[in-house]
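Right, one structure below, let's go through it.
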Amino acid sequence: MDVIAGLDPEQQRAALAVRGPVCILAGAGTGKTRTITHRIAHAVATGQVAAGQVLAVTFTARAAGELRSRLRRLGADGVSARTFHAAALAQLKYFAPRVLGGPIPQLLENKARIVAAAASAVGAHPDRALVRDLAGEIEWAKTSLISPEDYRERAASADRHTPLEFGKVATAYARYEQAKSEQGALDFEDLLLVTAYSLESHRDVCEEVRARYRYFVVDEYQDVNPLQQRLLDVWLGDRDDVCVVGDPRQTIYSFTGASPDYLLQFTSRFPSAEVIRLHRDYRSTPQIVGLANRLMSATAEREIAGLALVGQRPDGPVPTITELADEPAEAASVAARCLTLIAKGVPPAEIAVLFRINAASAAYEAALAQAGVPYVLHGGQRYFDRPEVRQALVLLRAAARSEQPHVPTEGPGPRDLPGSVRDVLTSMGWVADHAPSSGAALEKWGSLAALVDLAVQMVSDTPGVGLDDLVNELEGRVAAQHAPAVPGVTLASMHSAKGLEWDAVFCVGLVDGVLPIAHAKRNEEIEEERRLLYVAVTRARQQLGLSWHRSRQVGGSGNRRRSRFLTTLDGEHDPGGRRRKSASKQRRAELEPGDEELFDRLRTWRAEQAKAGSVPAYVVFSDATLVAIAESRPRTQAQLRMVSGVGPTKWERYGPAVLEVVSGESADFQTAVESSR
């Protein structure tokens, strides 16, 4: 198998640069994971590197699982692909008797209890928000290699936004470390620190690790923090067989200690490094790519990295920027657009609503539930911890053990894999194609449906796979917490959406004070907020909607201002100097033929209403509202009232008539149409 066939010229150059220091600057959607997995597979296939001597590290269990899956399909399944923490844990467990004198100490899964006690000790009330923020500050200090004694000075010089004054944070940090030590426990930052220290102080152990791993790949290198870099330096030693991959335009975790400096200064450390830039975007339409480039055009980072994207996909809809009166109206508008997309065949799992702060989730959960749209809250209960999933795994294992090996015959073969999975789930009461309307039952149904979807994907990738292959895949995913996609619109924070993608994305709540966040004052903080929006918009493949609201509550003062970042995105002229269409004209141009016909019918009806009431047509409904009605085709009062621009007053005055026009049943409307011809 020629593993570099099909790569574009820049990707091929990266795949062929097997030895020595290599820096791949990979823009969003440019095939980063494809490039590094094919690079590793090529190195292994050509005998330049042994699979067992490769260590590929990344930042999330999901990303590590994706690396392993792709490498296995490329014939390089002996490669170790792990997160920094998983790699450190495996090494420390193995060498603990020699470097620690016994087994590895207990790992703290959660800091909350000890942090709460430390907060109380300094006179603070340890509510959930304070404990979360204080734990985050302790993590920043530890990943930045800052001791409790040095915290006050270093935090002040970094101008940190802290939950308590610097002195109290330092004292709480010291008490946290003391309590943890008394319990003989390690947190996840200790795991990296102890591993690095053990290798630094035990030459024999260090040499053994370096003999095992000779070839390193570091994904998402713009997110490396000083503690992770220290461990990487120990692994690497004085060798230079390291490939780093990253995008400085996607640096959004500096508040945790991450720094793009290691990526941007890679050639200073390794002057002979080969630098390859990937700029062909295969994920998003040119319209979305153009918006992303405009967003970043106001910063110097575009020139530093040379990563202006070039869209490779066919044209798609123009991204929309929508202003709403209040947050409930914005949520209702997004829910209505989700409903429209689903009606047009877009799977709910291919739609996402992204917000800057998690508190915004509630409005969108309520709006989607009211619209009858299934949704999944990203970051909720872990998929493999759900009771129905655990039960399904037990039954699938049992079915795999009892499945007879397939011996080809002239007659019908064994049950296909998706069919076998459906049979197992049916025994649990799951019914295909009959999803409950909402609530916990819908969430349970979606969890199990994801197993069928995974089976379909596996058969598509590798025809002939069976239940035992599915079970093996699931076992690996359980270990990596790499969950399959669950049917439902994804609700997620912009930070947690990094590394994911959907056909349609709605970026919501884009008001100043939220994005950029209110406490972002310095230029570098503002620019990180800009990069966060860049990450969010580049999650979209085909359709992108940006929106903001003038008031937090219904009937509010309406004094909120849209995000300053939107100014560069919807100016009067496009980059070529052409005057832009109004948002409503853009939306109308995107209507499908059937929807455009309904729009024309609605305009005819509106003209009659305006004439009868001796008012301008826009007083009845704006063009933008008619476009939204034509797209969503509401059939009930609840659905119509979710359309932006249809408030209680206009519903009472025009609502029933609009529903008749949509259904085409109004005699008055038919008469008006005939008379207008």
Side-chain angles (χ1 to χ4, degrees), residues 50-61 63-65 67-68 78-115 118 135 138-139 141-148 173-218 224-239 242 257 382 384 475-476 478-482:
Q53 293 183 327
V54 180
L55 177 58
V57 288
T58 188
F59 284 80
T60 67
L67 286 175
R68 286 193 296 272
V79 171
S80 179
R82 297 178 173 180
T83 64
F84 272 97
H85 288 91
L89 179 60
Q91 292 174 20
L92 194 59
K93 277 185 175 180
Y94 183 79
F95 292 112
R98 292 161 58 182
V99 300
L100 302 178
I104 185 172
Q106 173 191 358
L107 278 175
L108 283 178
E109 293 288 338
N110 193 316
K111 295 181 175 70
R113 184 178 59 81
I114 301 179
V115 170
I138 291 172
E139 288 169 7
K142 298 187 73 167
T143 58
S144 301
L145 301 176
I146 298 171
S147 67
Y173 177 14
R175 286 183 175 272
Y176 166 81
E177 289 294 299
Q178 179 183 357
K180 183 164 52 65
S181 177
E182 290 171 353
Q183 294 181 20
L186 299 178
D187 60 24
F188 283 97
E189 292 72 47
D190 292 329
L191 181 59
L192 301 188
L193 186 60
V194 172
T195 301
Y197 177 77
S198 297
L199 297 178
E200 291 166 346
S201 57
H202 293 78
R203 177 177 293 274
D204 58 330
V205 172
C206 187
E207 289 178 351
E208 197 170 333
V209 171
R210 289 177 181 172
R212 168 69 190 279
Y213 296 116
R214 299 177 179 273
Y215 182 88
F216 297 87
V217 178
V218 187
V224 162
N225 59 48
L227 177 54
Q228 291 163 334
Q229 183 63 45
R230 177 176 171 180
L231 180 57
L232 178 62
D233 288 341
V234 179
W235 285 338
L236 190 61
D238 59 0
R239 299 169 296 176
V242 57
R382 297 198 302 183
F384 290 110
E475 296 288 1
V478 170
Q481 285 299 315
H482 179 196

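Residue indices begin at 1 and follow the sequence shown.
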query: What is the minimum heavy-atom distance between Gln228 and Asn225, and which atoms define it?
result: N-OD1, 2.8 Å
Trace of the side chain to side chain contact (heavy atoms under 4.5 Å, CB included) decision for Gln229 with Asp233: CA-CA 6 Å; Gln229 183 63 45; Asp233 288 341; 2.8 Å; yes
- request: Indicate yes or no for a side-chain donor-acceptor contact from Arg210 to the backbone of Val234 under 3.5 Å, with no hydrogens or angles considered.
  value: yes
task: Heavy atoms only: give me the nearest Gly184-Pro105 pair and the separation to one decimal.
output: O-CB, 3.2 Å
- prompt: Could you walk me through whether Trp235 and Leu199 pass the side chain to side chain contact (heavy atoms under 4.5 Å, CB included) check?
  reply: CA-CA 8 Å; Trp235 285 338; Leu199 297 178; 3.8 Å; yes
- prompt: Is a donor on one side and an acceptor on the other found under 3.5 Å between the side chain of Arg212 and the backbone of Val209?
  reply: no
query: With distance as the sole test, does Arg175 use its side chain to make a donor-acceptor pair with the main-chain N or O of Ile114 at under 3.5 Å?
result: no
message: Does atom OH (Tyr197) have a neighbourhood of more than 12 heavy atoms from anything else shown, all under 6.0 Å?
response: no
message: The test is side chain to side chain contact (heavy atoms under 4.5 Å, CB included); show your working for Val194 and Leu186 and say whether it passes.
response: CA-CA 9 Å; Val194 172; Leu186 299 178; 4.2 Å; yes
Side-chain touch Leu192/Thr195, heavy atoms, less than 4.5 angstrom: no
message: Taking atom CZ as the centre, does Arg113 end up with more than 12 heavy-atom neighbours from other residues, nucleotides or ligands that are less than 6.0 angstrom away?
response: no
- prompt: Of the options Lys180, Lys142, Arg230, Lys111, which is the one that meets Glu189 in a salt bridge (Lys or Arg N to Asp or Glu O under 4.0 Å)?
  reply: Lys111
field: Heavy-atom closest pair, residues Ala96 and Pro103
entry: CB-C, 4.1 Å
